[in-house]
Amino acid sequence: MLFIHVDECPANWEYVLEGIRKMSHSIDTSGDREDDDIHPPKERRFVVLASTILSSQTKEDITRGATRRLRQNGLLTADALNNADEETIRKLIYPVGFYIRKASNLKKMAHICLTKYGGDIPNTIEELLSLPGVGPKIAHLVMIIGWNNVQGICVDTHVHRICNRLGWVSRSGTTQRTSIPEETRKALQQWLPREEWVAINPLLVGFGRTICTALRPRCGECGVSKFCPSAFKETSSSSYFRSNKS
DNA sequence: TTCCAGACTA
DNA sequence: TAGTCCGGAA
């Protein structure tokens, strides 16, 4: 049994999480998993991986629509994507951000899944990371959703930004903010109880989209601003991260 | 016009 | 570590 050293927990973190939960209770961040009951596990996992590659934390409607169009055209399987014309994939997923690159990555990823994993997806972080277009954020999310296996916290731009604003993470041995999401993930995992590792992502994503936004956060509407060292300190543009780089 | 999202490259 | 890829929101 591995026990995590938790003597560095930020003050009031439980109140903050509870406060964010209360603010977010009406926000649905469950995403587009409408095929859960339709596909057998292998196919379902592939859909999870493909739709996660397509996804964007800021344009959920657009990425959901793109996933739907792929499905309607029968292109949400490893075999179909592998055989599909890349131009066709582009047209179906447009206007998802980086659609040209994602179309290429989807096709390459499908080929690897087909030839190396029998149409399934890899079941380790390391192997997922070896797929084109799969970085730490997607790998951890796919492990959780696709394999029900929590290897780490899924840290996207919202989790990264909010944890730094709250002072929940810092560079090892310093009080400086973390510079990249991977650094945030490791710092957060140092103290956040494991039972919160899955819930923290959708919770902070919803909070980050609506209240603790990247640009001009709505601190006046935030129920936990009294616990936030960054509250009301970001008045213009997104100079926060740049001005804190020193 | 600036900024965002996540992975990748130079 | 900065720049690149994208369309769209602010």
Side-chain angles (χ1 to χ4, degrees), chain A residues 27 29 31-32 48-67 69-70 86-87 89-113 121-122 125-146 152-165 171 174 176-186 188 200-221 234-246:
Chain A
I27 300 167
T29 55
D32 179 26
V48 166
L49 176 56
S51 61
T52 305
I53 287 175
L54 275 180
S55 74
S56 157
Q57 298 289 16
T58 55
K59 301 176 183 175
E60 191 176 17
D61 291 346
I62 289 174
T63 53
R64 198 177 288 200
T67 305
R69 283 194 293 278
L70 282 179
E86 203 169 303
E87 185 63 32
I89 304 173
R90 284 185 192 177
K91 285 176 180 167
L92 289 172
I93 68 174
Y94 181 88
V96 158
F98 317 133
Y99 71 99
I100 295 172
R101 183 171 295 175
K102 283 183 178 177
S104 169
N105 285 339
L106 280 175
K107 193 170 162 65
K108 288 178 189 164
M109 175 277 286
H111 181 75
I112 295 171
C113 287
I121 66 171
I125 292 290
E126 290 70 27
E127 287 175 296
L128 282 167
L129 288 173
S130 73
L131 299 174
V134 176
K137 180 251 174 178
I138 291 175
H140 283 284
L141 192 57
V142 166
M143 282 301 286
I144 292 168
I145 298 173
I153 299 169
C154 173
V155 174
D156 57 35
T157 185
H158 296 290
V159 177
H160 176 59
R161 178 181 69 251
I162 294 167
C163 285
N164 275 287
R165 280 179 177 163
R171 311 193 83 157
T174 75
Q176 290 179 306
R177 56 170 242 96
T178 57
S179 57
I180 57 172
E182 259 302 88
E183 202 178 358
T184 299
R185 181 180 66 81
K186 289 168 184 165
L188 196 55
I200 189 100
N201 176 276
L203 189 63
L204 295 192
V205 167
F207 180 53
R209 280 177 179 161
T210 53
I211 294 174
C212 198
T213 49
L215 291 177
R216 290 175 288 280
R218 299 174 174 86
C219 301
E221 300 170 29
E234 296 175 40
T235 52
S236 66
S237 153
S238 67
S239 55
Y240 168 71
F241 285 126
R242 263 179 257 120
S243 65
N244 279 275
K245 274 189 173 175
S246 60

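Here the structure is a predicted model, which is why all the values come from computation and not from measurement. Labels below follow one simple rule: chain letters A, B, ... track the order of the sequence lines, proteins then strands, and each chain is numbered from 1.
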Please tell me which of the listed nucleotides, [options], lies nearest to the side chain of [X]?
X      : options              : answer
A:T157 : B:dG6, C:dA10, C:dG7 : B:dG6
A:I100 : B:dA5, B:dA7, C:dC6  : C:dC6
A:R101 : C:dT4, B:dA5, C:dG7  : C:dT4
A:Y99  : C:dA10, B:dA5, C:dC6 : C:dC6

Do side-chain atoms of A:R165 reach the backbone of A:C212 as a donor and acceptor pair under 3.5 angstrom?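 Yes.
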When you measure from the side chain of A:R218 to the backbone of A:T210, do you find a donor-acceptor pair of N or O atoms at a distance under 3.5 Å?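 Looks like yes, one N/O pair under 3.5 Å.
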Worksheet entry | Check: A:L128 and A:I138 side chains under 4.5 Å, non-hydrogen atoms |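 A:I138 vs A:L128: side chains apart.
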Quiz item: Taking the side chain as C-beta and beyond, is there a heavy-atom pair between A:V142 and A:V134 under 4.5 Å?
Solution: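 No, side chains not in contact.
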Whole angstroms only, please: what is the [atom1]-[atom2] distance between [X] and [N]?
X      : N     : atom1 : atom2 : answer
A:F98  : B:dT9 : CZ    : C1'   : 14 Å
A:L141 : B:dA7 : CG    : P     : 10 Å
A:R90  : C:dG7 : CZ    : C1'   : 16 Å
A:I53  : B:dC8 : CD1   : P     : 9 Å
A:D61  : C:dA9 : CG    : C1'   : 13 Å
A:I93  : C:dG7 : CD1   : P     : 11 Å
A:R209 : B:dC4 : CZ    : P     : 16 Å
A:L215 : B:dA5 : CG    : P     : 8 Å

So what does [X] touch, heavy atoms closer than 4.0 Å: a base, only the sugar-phosphate, or nothing?
X      : answer
A:V134 : sugar-phosphate
A:P132 : sugar-phosphate
A:N105 : nothing

Which whole number of Å gives the distance between the [atom1] atom of [N] and that of [M]?
N     : M      : atom1 : value
B:dC8 : C:dG8  : P     : 24 Å
C:dA9 : B:dA7  : C1'   : 22 Å
C:dC6 : B:dA10 : P     : 16 Å

Closest non-hydrogen atom pair, A:S104 against A:E86
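Closest pair (atom of A:S104, atom of A:E86, distance): CB-OE2, 3.4 Å.
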I want to confirm an ordering. Mapping A:I62 and A:I180 to their closest nucleotides on DNA chain C, which one lands closer to the 5' end?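 Result of the comparison: A:I180.
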Checklist entry - Are A:R161 and B:dC4 close enough that a side-chain N or O sits under 4.0 Å from OP1 or OP2? => result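 For B:dC4, neither OP1 nor OP2 has a side-chain N or O of A:R161 closer than 4.0 Å.
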